[in-house]
Amino acid sequence: MSSPEQWTHPEPREGPAATAAAPTSEQVIAGLRATSEGGPELVQLLTPEGERVENPEFDRYVADVTADDLRSLYRDMVLVRRADREGNALQRQGQLGIWVPLLGQEAAQVGAGRALRDTDMVFPSYREHGVAWCRGISPKDILGIFRGTDHGSWDSTAKRFHPYTIVIGNQVLNAAGYAMGQRFEGKVGDADGEATMVFFGDGATSQGDVHEGFVWAAVYDAPLVFFCQNNQWAISEPTERQSRLPLYQRARGYGFPGVRVDGNDVLASLAVSRWALDECRHGNGPVLIEAFTYRMDAHTTTDDPTRYRHSDELEAWKLKDPIERVRVNLVRHGHADQDFFDSVQAEADELAADLRDFCFSMPQPPTSQIFDHVYAEASPVLDAQRDAFLAYHADFAGGEH
Amino acid sequence: MSSPEQWTHPEPREGPAATAAAPTSEQVIAGLRATSEGGPELVQLLTPEGERVENPEFDRYVADVTADDLRSLYRDMVLVRRADREGNALQRQGQLGIWVPLLGQEAAQVGAGRALRDTDMVFPSYREHGVAWCRGISPKDILGIFRGTDHGSWDSTAKRFHPYTIVIGNQVLNAAGYAMGQRFEGKVGDADGEATMVFFGDGATSQGDVHEGFVWAAVYDAPLVFFCQNNQWAISEPTERQSRLPLYQRARGYGFPGVRVDGNDVLASLAVSRWALDECRHGNGPVLIEAFTYRMDAHTTTDDPTRYRHSDELEAWKLKDPIERVRVNLVRHGHADQDFFDSVQAEADELAADLRDFCFSMPQPPTSQIFDHVYAEASPVLDAQRDAFLAYHADFAGGEH
Amino acid sequence: MAAPVINKSTPASSVQSLTLGKALNLGLRTAMEADPKVIVMGEDVGKLGGVFRITDGLQKDFGEHRVLDTPLAESGIIGTAVGLAVRGFRPVCEIQFDGFIFPGFDQIVSQVAKLHMRTQGRVKVPLVIRVPFGGGIGAVEHHSESPESYFAHTAGLKVVACSNAVDAYWMIQQAIQCDDPVLFFEPKRYYHSGFMKAEIDTEATPEPLFASRVVRQGSTATLVAYGPSVKVALDAATAAEEDGHSLEVIDLRALSPLDLAPVFESVRRTGRLVVVSEAPSEASLTSEIAARVQQECFYSLEAPVLRVTGFDTPYPPAKLEEEFLPDLDRVLDAVDRSLAW
Amino acid sequence: MAAPVINKSTPASSVQSLTLGKALNLGLRTAMEADPKVIVMGEDVGKLGGVFRITDGLQKDFGEHRVLDTPLAESGIIGTAVGLAVRGFRPVCEIQFDGFIFPGFDQIVSQVAKLHMRTQGRVKVPLVIRVPFGGGIGAVEHHSESPESYFAHTAGLKVVACSNAVDAYWMIQQAIQCDDPVLFFEPKRYYHSGFMKAEIDTEATPEPLFASRVVRQGSTATLVAYGPSVKVALDAATAAEEDGHSLEVIDLRALSPLDLAPVFESVRRTGRLVVVSEAPSEASLTSEIAARVQQECFYSLEAPVLRVTGFDTPYPPAKLEEEFLPDLDRVLDAVDRSLAW
Ligand SMILES: Cc1ncc(C[n+]2csc(CCOP(=O)(O)OP(=O)(O)O)c2C)c(N)n1
Ligand SMILES: Cc1ncc(C[n+]2csc(CCOP(=O)(O)OP(=O)(O)O)c2C)c(N)n1
Ligand SMILES: [Mg+2]
Ligand SMILES: [Mg+2]
């Protein structure tokens with residue numbers, strides 16, 4: 001998460017606003033190609049135009065997906081996007097310190113999230129609001145992170161959805177350890193096996209921890225799906241600053257499979273995730289998935305992408321919108337009518353309104369929370385520090401200094 | 001470097017000495033296969049029996065190697081081994097705190113070392129006495145590390161041979177940075193280009209720093225040869241604990257070439273290193289070389305390999321001795337007679353005797369050395385600390401307490 | 001950039017009114033112009049100019065080989081900077097936020113700090129690691145930490161913190177010129193604060209880098225602070241004046257080596273010392289200051305050295321940071337306690 | 001293993017005479033027998049039994065899924081241990097040498113220390129990180145360091161150091177039972193020392209883990225030490241007796257949270273304190289002790305708190321370590337200075 005000038009309350013600038021350096025037209029074209037073409041190995045089941053294309057390898061993983069299911073995937077994406085936009089708006093209105101938008105990554109996340117079973121475990125990074133949703137976590141439980149009241153209020157054990165991890169890459173090793181535990185406990189080996197899925201970005205692939213996670217998971221045959229959302233950007237740096245090769249090929253050097261999926265295709269994301277989880281359940285993990293997608297919004301609400309990327313790129317990706325292609329498909333096959341879309345929209349607006357109300361009513365956390373839960377077993381030194389401060393604080397609040 | 005019981009002055013054991021767990025015969029066979037067969041992609045120019053085999057890809061890199069050169073390579077290996085054995089002996093006699101033997105890795109190191117030019121830079125780990133030798137560094141300059149008088153006394157800038165690095169993996173990033181600098185300075189691009197070579201072990205490949213070194217070098221097209229000596233063991237852990245795949249294949253995921261060379265074949269090591277350096281000079285770096293070899297001795301003088309590996313393995317590798325195959329080849333082709341071998345042996349003994357004398361006469365470093373060179377620009381706090389201690393020390397040495 | 005302010009005593013062009021952030025930017029630019037071996041590297045320092053815009057415009061003017069948008073890994077940033085320094089460069093690494101320096105910790109402790117000694121002075125490591133540090137910006141976890149004590153505890157490193165725009169401008173240049181590795185801590189919350197804007201005379205002669213400075217004279221008690229806490233201490237001193245207390249304020253500037261002579265001198269006069277820092281107190285720089293002062297000023301102290309610091313907890317969620325961070329009132333409370341001892 | 005020593009007050013089988021290393025080994029074994037969730041992981045801890053043989057025989061008896069020879073990477077060891085802890089295991093990580101903990105520093109600071117707070121107590125991280133620490137073994141670089149202050153400065157961690165075989169046996173078990181992450185420092189130079197062999201009654205009731213202990217009573221001055229320095233302090237106290245000085249010696253045992261009540265009590269009686277540690281002094285645990293004692297015992301101190309520590313330099317080459325390390329004479333010199341203040 002970057003913290004930009006907004007955070008530091010800058011004075012109004014005297015000079016002209018920074019303008020994005022104007023790229024040459026060759027640069028625009030090269031950039032567009034690099035970021036928008038997934039290459040021949042991209043697994044896609046639903047084209048940007050909403051057409052279902054056959055894939056002999058992965059079709060069977062979504063053979064059971066009914067029109068009902070597709071509508072439900074659509075609904076998840078719409079709701080998730082709506083909550084995301086509300087988060088963004090709440091930040092703009094000063095209700096949140098920062099917001100980390102997922103805009104554009106709904107299909108990657110909902111596809112992966114819906115492939116998971118209750119018994120599976122998830123380690124998110126900080127942008128996985130869509131996966132959280134699929135784990136039954138309300139956007140309300142995420143809000144505290146960005147409002148600054150807590151670090152997330154869901155029960156990560158009950159939901160099997162680990163807290164958001166902000167230090168890039170850390171969670172990949174934590175997930176590898178968890179998955180090793182699943183294996184050590186004998187929970188792996190057949191179709192009922194458990195698995196773990198860990199989320200990280202394209203930029204994260206450069207971190208030593210991600211590599212070590214690959215090494216550990218490979219050596220211990222851990223039932224771990226590495227789910228890399230390549231949204232083309234690590235803040236201002238394009239993927240070319242992290243790797244010469246497409247990221248799914250990184251797996252080659254470790255001896256486990258790597259697959260590139262169209263991250264804007266929820267069906268493909270679902271299929272590939274199911275396949276990968278299935279491999280892991282059976283003891284054939286780990287597996288790397290690179291979901292080829294695009295960060296449609298800024299890195300965070302404090303980021304200014306006009307400084308480093310060209311709007312043409314965004315326009316090109318708009319044509320590949322993850323929600324739109326499902327809508328078109330549903331319409332084309334007569335699987336949904338306007339009523340359906342309206343009702344989803346209404347539901348989304350309600351979700352947003354509810355989130356908004358919730359946000360406005362979030363209480364200021366008590367001062368004592370600074371000291372709570374630092375340790376599981378009390379520390380007398382910290383207790384004394386707390387008692388002294390709370391006494392001072394009460395005193396101070398009570399009388400004048 | 002492991003520090004074992006010897007370092008901590010253990011009392012004589014009351015019980016029986018630890019005995020190596022006896023492996024099953026299947027384990028012996030599997031182990032032998034894993035550690036002794038390099039696989040079909042192994043580049044070999046000289047068989048263990050001393051026969052020169054053709055290699056269309058790499059022959060040209062040693063086309064200029066004359067009988068003189070081969071004798072000189074032989075001589076280097078013999079001298080380097082002799083110095084190594086002397087180091088080992090000096091440790092046994094209490095003259096050194098520890099010794100890190102290179103026994104068995106002479107060909108890998110001399111082949112690589114002789115491929116380097118003066119203008120190239122080298123980043124060793126802690127076992128590269130053979131490479132040091134090729135850089136014109138006397139074994140005497142290494143002795144201080146193991147006697148505990150200094151951390152190496154060669155001039156790393158003049159010799160272009162960085163200090164030994166003990167924290168596994170660190171030097172790989174340092175080398176990547178150096179090679180980036182060579183490139184930034186425009187020293188790369190043709191046959192006269194500069195290059196850097198960095199040495200590390202099989203175990204080191206698991207470290208995050210080595211991965212990050214791969215990422216950086218790839219992204220910045222750094223003229224860096226990653227020279228991994230896979231000596232089959234990281235202290236007590238076989239390579240299987242670090243990777244599913246042969247290590248040279250790790251490069252696949254980063255988009256640069258990886259080659260496995262017979263690390264016990266000095267000619268092959270020379271050829272592959274020349275090729276790799278040449279690629280780097282021309283701007284086609286980085287390149288990964290895995291030198292498939294074997295640690296014939298203990299990890300260090302404080303290690304006890306009987307606890308974790310079977311002697312059959314060692315016996316199998318003795319048949320592949322790096323020096324012996326060159327000797328056989330020289331004899332077979334009439335390129336060397338007994339006089340030559342005798343003279344090399346005499347030279348080796350002289351080197352050892354000289355090293356020994358030197359070791360015995362190494363002075364105790366002055367107390368003030370504790371404080372020297374902590375900073376390039378003086379720190380008043382540390383100076384005061386030093387002055388107070390040296391005064392106390394002088395006082396203490398002078399009178400009674 | 002603001003229009004230069006005309007100042008009588010110096011040529012018009014040599015004085016500029018700059019925020020702390022712009023002062024750092026100008027300091028970096030000046031250093032890069034002066035020495036082609038100076039390079040800037042880090043995450044997003046190029047086109048974006050860093051998430052705080054401290055390197056704004058530098059890549060455009062100095063090129064991609066002198067301002068490197070690096071891959072996302074801090075050990076990589078520091079580790080390659082070491083190699084570049086060995087090659088003769090003077091790298092200036094930006095760590096995006098305080099809490100992200102830890103993946104690079106090993107390279108700092110094992111290589112950056114030790115290489116000069118390891119080579120008996122043959123290899124210098126003139127690199128600067130810039131760390132925007134401290135809280136007060138309403139951020140999420142890991143973005144508000146004060147890790148300076150880890151580095152002060154590490155022999156072989158030098159550590160400084162600037163507290164104002166003028167120092168920022170000079171100290172960054174001096175750090176770059178220093179032949180030792182310097183951890184350079186910047187009070188991020190003041191980067192763009194208008195009230196931190198200052199007249200910077202680029203032709204002035206700066207004070208030495210590793211020297212603390214009395215920034216306000218007083219006689220009742222002494223306050224010692226660094227980085228963002230200097231402003232807190234100064235505000236406290238202003239407020240205390242109303243109560244008739246004259247507080248001396250010392251800006252440490254150098255955190256390692258510490259320049260405590262002015263502190264000792266001050267405490268010998270005032271007999272009382274309060275040390276202010278956002279960092280947790282346990283085994284920290286504030287402990288060190290207390291330990292040294294009680295030793296050097298044993299007979300002068302009329303009360304023990306007191307500390308006003310962040311608590312020994314992880315940095316709390318943003319809504320609680322105001323209570324976590326030392327503020328004017330907590331400092332004054334400590335002064336009162338000291339006076340009442 | 002030595003034959004059990006017969007002791008009258010307890011059944012023959014419950015008392016054994018063990019070195020510090022063997023005591024740790026037995027403590028680990030006992031913990032693993034008691035709780036199947038306890039697993040041991042690290043480099044070479046399996047067949048080899050660790051480079052110091054502290055885990056000797058454990059893999060043979062508990063299997064490869066409970067004693068893991070891990071890949072060679074410390075961030076990996078700690079990072080996967082966190083995940084295993086989240087899954088319900090109680091991992092005991094061995095870091096091969098003090099100087100190699102730094103690649104794992106980020107995981108320790110960012111995850112191990114913060115996960116419990118981050119989850120408001122919902123997720124516990126009951127992991128133990130064993131670190132053989134300190135000098136005196138004639139080793140090469142990075143093998144003789146004392147990094148404990150870095151961890152004491154890190155909120156969310158608990159830190160202990162054992163100084164003798166009996167404590168080693170109990171403390172490792174208590175650390176494993178603790179629901180907080182514990183950094184467990186072991187004085188490696190005494191692992192196999194015969195003079196450290198002690199009678200361990202495995203049926204005794206141990207003292208609490210996070211409590212310091214007066215290990216020798218005295219009245220002239222107080223010495224505080226931990227880990228390997230406890231022996232130095234005790235030797236100094238014995239030597240001082242000849243000069244008629246009665247020194248009280250306190251073994252801290254707990255480094256975070258510090259249990260200083262017995263220290264305060266002692267200093268209030270003796271008026272003088274010398275703190276001994278091998279670690280560099282700057283911004284360290286010894287600074288913290290000095291800072292707290294000068295505050296709590298302000299009116300009792302007859303001399304400032306003095307420190308005898310390693311110098312603020314990288315650990316020197318082995319031939320110089322005798323001079324670098326605090327020894328009996330430097331401790332006595334400090335006591336003399338304290339008495340003469
Ligand atoms: C260790 C670390 N360094 C730096 C940062 C600051 N930071 C936050 S997000 C980010 C970019 C991440 O990019 P990517 O991995 O592609 O994920 P994305 O944000 O695009 O989802 C950076 C540099 C961090 N959080 N952690
Ligand atoms: C970061 C770090 N962790 C642990 C060690 C201890 N150690 C020294 S050598 C070694 C094994 C290295 O194996 P490998 O990389 O294969 O090199 P080799 O010794 O076989 O040449 C270990 C674990 C270390 N030096 N650095
Ligand atoms: Mg990204
Ligand atoms: Mg090896």
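Chain identifiers are assigned alphabetically (A, B, ...) following the order of the sequence lines, protein sequences preceding nucleic acid strands; residue numbering begins at 1 within each chain. Nothing here was measured: the structure is a model prediction, and the numbers come from that model.
- Here the shortest heavy-atom pairing between D:Thr222 and D:Ser266 reads OG1-OG, 2.7 Å.
- In this structure, the portions of A:Ser379 lying under 4.5 Å from any heavy atom of chain D include both its backbone and its side chain.
- In this structure, chain A has no heavy atom under 4.5 Å from any part of D:Arg66.
- The contact between A:Val374 and chain D is made by backbone and side chain atoms together, counting heavy-atom distances below 4.5 Å.
- Counting heavy-atom pairs under 4.5 Å between each of D:Val123, D:Leu258, D:Thr70, D:Val125 and chain A puts D:Thr70 at the top.
- In this model, no donor atom of one side chain and acceptor atom of the other lie less than 3.5 Å apart for A:Asp202 and A:Gln242.
- Of the residues considered (A:Gly177, A:Ala217, A:Ala158), A:Gly177 shows the highest number of contacts with chain D, using heavy-atom pairs under 4.5 Å.
- There is a side-chain donor-acceptor pair under 3.5 Å between D:Ser163 and D:Asp251.
- Neither the backbone nor the side chain of D:Leu260 comes within contact range of chain A; no heavy atoms are under 4.5 Å apart.
- In this structure the side chain of A:Asn170 never reaches within 4.5 angstrom of the side chain of A:Phe200, judged on heavy atoms.
- For chain D, the option among A:His151, A:Met180, A:His162 with the highest count of heavy-atom pairs below 4.5 Å is A:His151.
- With chain A as the partner, the residue from D:Pro181, D:Ala73, D:Ser256 showing the most heavy-atom pairs under 4.5 Å is D:Ala73.
- Interface residue A:Ile370: only backbone heavy atoms are found under 4.5 Å from chain D.
- Residues of residues 168-179 of chain D that come closer than 4.5 Å to chain A, counting heavy atoms only, are D:Gln177, D:Cys178, D:Asp179, ordered by residue number.
- At a 4.5 Å heavy-atom cutoff, the contact between D:Ile77 and chain A is made by backbone and side-chain atoms alike.
- Neither side chain, D:His65 nor A:Tyr220, offers a donor N or O lying under 3.5 Å from an acceptor on the other.
- Of the residues listed (A:Gln171, A:Arg127, A:His129), the one engaging A:Tyr164 in a side chain to side chain donor-acceptor pair (under 3.5 Å) is A:His129, and it is the only one.
- For the set D:Gly83, D:Ala81, D:Pro91, D:Pro257, the count of heavy-atom pairs under 4.5 angstrom toward chain A peaks at D:Gly83.
- Between D:Phe151 and D:Phe185, the ring planes lie tilted relative to each other; the angle falls in the 30° to 60° range.
- Contact tally against chain A (heavy-atom pairs below 4.5 Å) for D:Asp259, D:Ile39, D:Leu157, D:Leu84: the top residue is D:Leu84.
- Between the side chains of D:Ser287 and D:Ser284, a donor-acceptor pair is found at a separation under 3.5 Å.
- In this structure, a donor-acceptor pair under 3.5 Å is present between the side chains of D:Gln107 and A:Asn174.
- Pairs of residues two or more places apart, or lying in two chains, never qualify as salt bridge (charged side-chain N to carboxylate O under 4.0 Å, His left out) while including a residue from residues 361-374 of chain A.
- Residue contact with chain D, scored on non-hydrogen atoms closer than 4.5 Å, is absent for A:Ala384.
- Proximity to chain A involves both the backbone and the side chain of D:Ser75, based on heavy atoms less than 4.5 angstrom apart.
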